[in-house]
Every structure is written in C-alpha cells, then in structure tokens.
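To start, the structure under review is shown below, and the notes come after it.
Every chain is numbered from 1, with letters handed out A, B, ... down the list of sequences.
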There are 2 protein chains.
Amino acid sequence: MKLVIIGGDAAGMSAASRTKRLDPAAEVVVIEQTRDVSYSACGMPYNIADPARLMDDLIVRPVEEFQQKMGIQVMTGHRVQSIDPLERMVSAVGPEGKEIDVPYDNLLIATGARPIIPDLPGFDLPGVLALKSLSQGRAIKDYLNTHAVKQVAIIGMGYIGLEMCEAFSNLGLAVTMIKPNPDLLPWMPREMAATVAQELKDNYIRIDAGNTIQAIESTKGRLKVRGDRDAHQADMVLVAVGVRPNSELAANAGLALGPAGAVAVDHGLRTSDQSIFAAGDCADAFHVVTGEKTWIPLALRANRAGWAVADQVCGNGTMLPGIAGTTVFKVFDLEVARTGLNKKEARRAGFEPVEVTITTRSRAHAHPGSTSIQVHMVADQKSGRLLGAQMVGKEGAAHRINAAAVALHGQMTVAQFLQCDLSYAPPFGPVWDPLLTAANQLIKKL
Amino acid sequence: MKLVIIGGDAAGMSAASRTKRLDPAAEVVVIEQTRDVSYSACGMPYNIADPARLMDDLIVRPVEEFQQKMGIQVMTGHRVQSIDPLERMVSAVGPEGKEIDVPYDNLLIATGARPIIPDLPGFDLPGVLALKSLSQGRAIKDYLNTHAVKQVAIIGMGYIGLEMCEAFSNLGLAVTMIKPNPDLLPWMPREMAATVAQELKDNYIRIDAGNTIQAIESTKGRLKVRGDRDAHQADMVLVAVGVRPNSELAANAGLALGPAGAVAVDHGLRTSDQSIFAAGDCADAFHVVTGEKTWIPLALRANRAGWAVADQVCGNGTMLPGIAGTTVFKVFDLEVARTGLNKKEARRAGFEPVEVTITTRSRAHAHPGSTSIQVHMVADQKSGRLLGAQMVGKEGAAHRINAAAVALHGQMTVAQFLQCDLSYAPPFGPVWDPLLTAANQLIKKL
C-alpha cells in the first residue's frame, strides 16, 4: 500500500507516522512545498515574543528523523501541481523546477490553510506580513531583527491577532489593532468582549474598531494603514483577518467542497473520491452539536484526523464523530475559551437558543487571590440541550471549558450537565463550579 | 408546610434558603447544636494558614440574615436528642438545658460527619485536635495563638491532613505526618503517590508511614505520639484519620442506614421514612459509575442535595442521578485530583478494570514553564467504559479532571471520550490534552 500525503504539518505527519507504525510495510511519501514538516504552528506567537528563542525550537521532529528512523519518504521543497484521480497520480515540481509524477494507492490532502490577504493596495509591501506557516513566522522574526520596528499595526482581531498583540507588546512594541467591525470579538456576548477590550487597554494596546481598511501605503520608510476613518503609522503590519482552506488542488481534481470551500470529507475523512482523504485545516468536519458540516481549523482536529486517515488506510474503520469547536487563547493575563455554538449559530442551525451570561469568582468564598470569571451558556428551548459555552477570566477558563465540551459530545441537556459532580477545593474554585452556576441560571429560562 | 432541618451547614442551609425562595409561606426551622451556620468548612486550612484572618471570615451568611431577611427560624445551641417519626416530632435541648419539642411536616437530617478519633490513650489530651466544624477550626487557631507551638504531628494522610500539613508549614511549623499504612495515598497508583511524597519532602515535611499509633502521651508540657515503631514529639497533634457520618439520630429513629453507616436515601434524598430526608455528609448517595450506593462526603454534593430536598418538599420531584466522587486538593504546589473509581474499587463493583498511568507535560512542546503532569485512567475491559481518572501536577489537574467527570456522568466509553474536542493553546497544554493521551494509551489495552 502506498500512501502519498500532500502537506507535512500536523495532519500530514500524524497520518504518515501512524501509518508506518500500524503497517511498517506501507510506503509513505510526504510532499511538502516548504522546507519544514511537523512543527507547532500555534507556538509561533510565543516564540516570536522571545528573541532568545529560535523559530526552529518549534520543530517537533526533524525531516531526517521521519526519513531515517521511521522510513517515511519526505520530499520537501516540492509543490504539487495537480492530482489525477483516475490515474491515481500526483504531479509535483521540485526545487529546481523538475517535474515529477508520484503514483498512489491512497492520497491524503493535508494542505492546510493560508491567511486571507485582502485584495487592496499595499498588502504586498515589504513589512506587511501574515502568520500561518513556519516560514511566515521566520519572516516576522527576521523582520523584527533587521528593522527598527517600534510600532506595529495588526489588521484583524481573531485569536492569532490577539496572541500576536501580546507577543509584540512583550517585545516592547506599540501595538494598534484595527478592524472594520465595530464589535470586538463579535461571536462573544458584549459584556465578555468588554473584558477582553479592557485587558487590551490595560496593556496599552490601541484599538481602532469600526475602521474599514482602504490601503497600506509606504511613506518615508514607514507604513501607513489607511482606513475610511483613520490612518495609522506603523513600522510593520500584521494581516490577521482570518484564514481560508488550501483546497484548490482538490477542487481542480473535481473533489466536492464543503463549508468555506474546505474539502468535503465523511466521518472517515474520505473525500468524494474513495482513494483520496483530506485532513487538517484544508478539510471540513461534522459539528457534534448540529450534526452538520462546518469548517473550524484547529490543531487537535488536524492531529486526530491524521491518525484517523492512517487507521483507514490500514484497514481500521475509525470514524470521527466530529468537533465541538473548542478553542482557548490567552490575551495577556486573560484566558478566553469557547466550545459549541453561540446564540446566532444556534439559531442558524434551527435551534431555539436561550442564553445566559454570569459573573462569578474563580476561587471559593473568602479565598485569597480570587478573581472574576464570566461564563456564557446557550441551550435549546425545545430540547433543553446544552449547545455551547464561553468563558473569560484570569484563571480557570482554559481547562474548565472542557467539561462543557465533553457535555456537548455527550449530547447532554442543561439539566443533566447541572448534575455533574465537578471538582471543588477553595484554591481552585467556588463550591458550585462557574459552569454549574451558569447552568443553574440557564435552566430557569428553559 | 413546615420543614424542620437538623444541622445548619451546607446541606441544611441550602435546603432552608431554597425552600423559602420556592415557597415563601413555608415554615422553616433549623436546629443547630453549635453557634455557627452556613460556613465554608473546606476553607479552614487556608484560614488557619493565615494568622491575619479571622475564622469568622468563612461564614457565608450570618444567622441574623437567615432569620431576618429570609424568614428562617434558626435555633443555634440546640442539640436534637431524638426523632419521633410516628408523631413527626423532634426533641431538642437548648443552651440552658431546656427541652423543646418541634413538630414537622417534613424533616431534613443534615447532621454532617465528624472526625474519627481512635479509641486509644491520650487522644483526649489538650492539644490533640481534629478539624471538621468551625468550632474545631477556632480551637486549632486559638491553640496556635495561645501556645508556643513549633512542632505539629498529623495523624493520617487524607486530604484534610495534607491541606493542614501545608497550612502548618506555611505558619513556619515543623510537621511530621504519621500513618499506619506504609503506602501514602493508597487509592492512588504508586508512581503518582510518589510525586506527592516528593512534594512533601521538598517542603521539609517528615513522613512516617507504616507506624501504627499506640497512644499519645503528655510529657513535660509536650505531647508524644507513640507508635509501634517510632515516637514523635509535638506541641500539637492533629487527628485526621477520616470522618464518619453523624447518623445516630437517624438510626435511633429506626431509619435505614447505607454504606459506612450513612443515612440511606433514594434519588430524591428520602430516607426509609417518606417524611424524612437526609442530605450532606450524613447521607449516602448513588455512584454514577457503579449505580450502587456509596458514601463520599463532599461539599458540592451537600449543597446540591440540600437544594434537591427543597425541591422535593415544595412539590418538584428533582432526582439526583448521583456522584462521581470528584475531588481535588492542593498540596503545596501540587494539584491532586480524582474522579470515579480506581482499579480496586472497579473490581469490587464487578468491572474488569484495565488501567494506565502516563506522564506528560502541562503545556505545549517547547512552551516555557511547562511542568510534568501524571494521569491515571481506569476502564472496563468488557464494555470499554471509562470508570475513573486521577491527575497529579503543578498545574492543570484541578479543572481538567472535570472533563473526565462529565464523561463518567455521560457513561462514555474510552473510545468516545478519546474523540472529545478538548481545548488547546500552547500556554495551557499540549495539543493532545493529557487526559486524551491517557485515553489513547488505555484504549490500546482494551
């Protein structure tokens, strides 16, 4: 069995390694357009924040290890041009322009996602950078090392923008965040987004929300982000308005696409062609709450899907139930976490959403060091089902959210979740965990 | 409707308050033998650790508030002598020895638990103290304030012993922990108990495990804990060998008892007498994993059961599914957490337990500040069901355990739990949450 994998990051290398473990006789070829495989992309903001660290710290396993120890053929610097599903053949171009055809029994498309770069003037200027691949991480780090950067403008306010905001701030840079939507974190209730906004202000971050970017200009060796309302000078601009799936190869091969143009896959990660799988940020997924297709590119899903593809090609029919969209990120001293649907998404999915937002404490009554923690929870009026939760606080949000995530996987009602026996000790929380307090308020509305 | 409640702590006052909220016309009488109601008992070790704090900081609501604002009659200093289920009457003795009979429509027994004091010589000496009630907490604090205590011996090594060990150590006292069982934390895998032992040693705690206490002696103004192997001098001795339910009143009234002699209750907290409920540390509970009765006295359960009794007497048939036995405690810089069954308990309950213990990291690959985290997980060979989990680490155990607890409530298999979409960001954990890594190892054995 010959498995060819396009893309050597989380999904691709997980699939490659596990296939070789399960079936040492399998031939596994990874075709990667950059020179990097198997790195911790999510670690880049923290790496950039520390000038003493090399970007290569984030490489989990070097290419040599995959090749020599694990017997995986890794073709870095090779860019796949096309897939021929009938011939079961991939055509790639090597570093010196040499074309090569690679036949496969099974193919995994693990091409990931790329930052969206608005089609506006100046987004191709030097110093206008984005962050998704390790090479883009190196480019940011190199730019900081070789230019007198004092001011950074970040366009967009998703979690990459927010993590990078903290990273730049830790480097002593002045940061301005600019976004067209006047609401910060529009997927979040306003009172919780306000907590995040306050944390940014407390850390001297300038926020310009509601300013639609028109262009980036280069003036006297500096950059200027020009919006319809205000302009901001900067020495460097980070474009972080979102990512899109790298699904062109799949689309050109005639494979079906799903939400956001991601490659459509079934619970076994198979595309519309039975010999072709897709996994990671380029592929869609089922949402465990709605049962419908969704596209939420996340690292755990990429790793898990890579493993599942290995199981599939080795004859073990692992099916992935889907994702809950559980995410967490750090913004200075705040932990921001979510799982499942917010009210708007719930309504769109056909539920009758009821929601509650509470503020409680991170530790027990009278326990020193206690801080505020906000919890938002959404349920379905008809079925009583828990649909989603969000948390913001200085401690106790990042891991707590997982209890709600497991409840979503278990299709629990709020009443069932409310009865869960969660941990309690004064240094770690109130007797009633903040999630339970929220559930208790929410159930009154059902 | 007249609800009489014996015992004014977590379960009793939760029931009292909620009954008055649900039915303002209800007559609610609380009979409490001490002068304290509604306090955070679990906060006592942290209060004792801080000489600047008053023990009364732990009182959540004063008696006056219950009486005047909420219309609850609180009879402190009254000790119930007997319950007459036929006459629906409780007989109590007041502060000056005055007897009083209190009739009820519904009765709640919320008498809690008390420390086990071994029937050995010297356990009644001054300076030999235990910790469960607020008055016992005051006694410890008073003793420390009025005696030149430099050395403390703690008999027992449950979580109260361990929390108090940290408290005494924070006060600058030398602490020796003595227990007859040579295994520290015998409910825990040895390699994880060793982590706790190392943390104690790193904090200069002397551990004398495997020494069976014979007596406590008083010599020259000091105490001596004499075991069959060694003797330990101390200025104060804390007896923390466990607690037992205060179920004598119930037993004398002819009510059925359950495990450990706790008052037997159904899912609606009703005892074998339909007008009498029991809740909190004096009552038993169903275990959600085994479906069988168990006795695990915990604060959340006490509060929840108190609420459920209020719902019952106000005509709402809330049924509690049961407990998972989720507990967490802090030992110096360690978080120790568990939920569900360990292997021995699982075997006793008729499962075919399979277990795994892993060591992984608390944060992502290459993320600064990452520490070691151990996870133990137990599953049933026959059904594949997750039966229990334990965690020990310097960060990330206290809240993570809740994800496993919810899975136990959802009767999930390890395979189902393994598919849960848990949160990931480099500062908070590895891509595969430690619980998922453990589940992944465990599933290989199933």
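- For the pair A:Y424/B:V328, no side-chain contact is recorded, criterion being any heavy-atom separation below 4.5 Å from C-beta on.
- With a threshold of 4.5 angstrom between heavy atoms, A:D50 does not approach chain B through any atom at all.
- Residue A:A337: no heavy atom, backbone or side chain, is found under 4.5 Å from chain B.
- Contacts between A:I59 and chain B at a heavy-atom distance below 4.5 Å involve the backbone alone (N, CA, C, O).
- Contacts between A:L422 and chain B at a heavy-atom distance below 4.5 Å involve backbone atoms as well as side-chain atoms.
- At least one side-chain heavy atom of B:V406 sits less than 4.5 Å from a side-chain heavy atom of A:M412.
- When atom types are taken as modelled, the side chain of A:S423 and the backbone of B:T327 share no donor-acceptor pair closer than 3.5 angstrom.
- When each of A:A403, A:A425, A:A404 is scored by its heavy-atom pairs under 4.5 Å with chain B, the top score falls to A:A403.
- For chain B, the nearby part of A:L418 is the backbone; its heavy atoms alone come within less than 4.5 Å.
- Between B:R301 and A:D421, every side-chain heavy-atom pair lies at or beyond the 4.5 Å cut-off.
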Exercise for the section: Would you sort out whether B:W432 and A:W307 count as a side chain to side chain contact (heavy atoms under 4.5 Å, CB included), showing the intermediate values? Expected result: CA-CA 12 Å; B:W432 290 92; A:W307 279 19; 4.0 Å; yes

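- Residue contact with chain B, scored on non-hydrogen atoms closer than 4.5 Å, involves the side chain of A:N440 exclusively.
- Looking only at side-chain heavy atoms (C-beta outward), A:P426 and B:K330 stay at 4.5 Å or farther from each other.
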Exercise for the section: Start with the C-alpha distance between B:R304 and A:L436, add both sets of side-chain angles, then the distance that settles side chain to side chain contact (heavy atoms under 4.5 Å, CB included), and finish with yes or no. Expected result: CA-CA 11 Å; B:R304 184 179 267 148; A:L436 296 178; 3.6 Å; yes

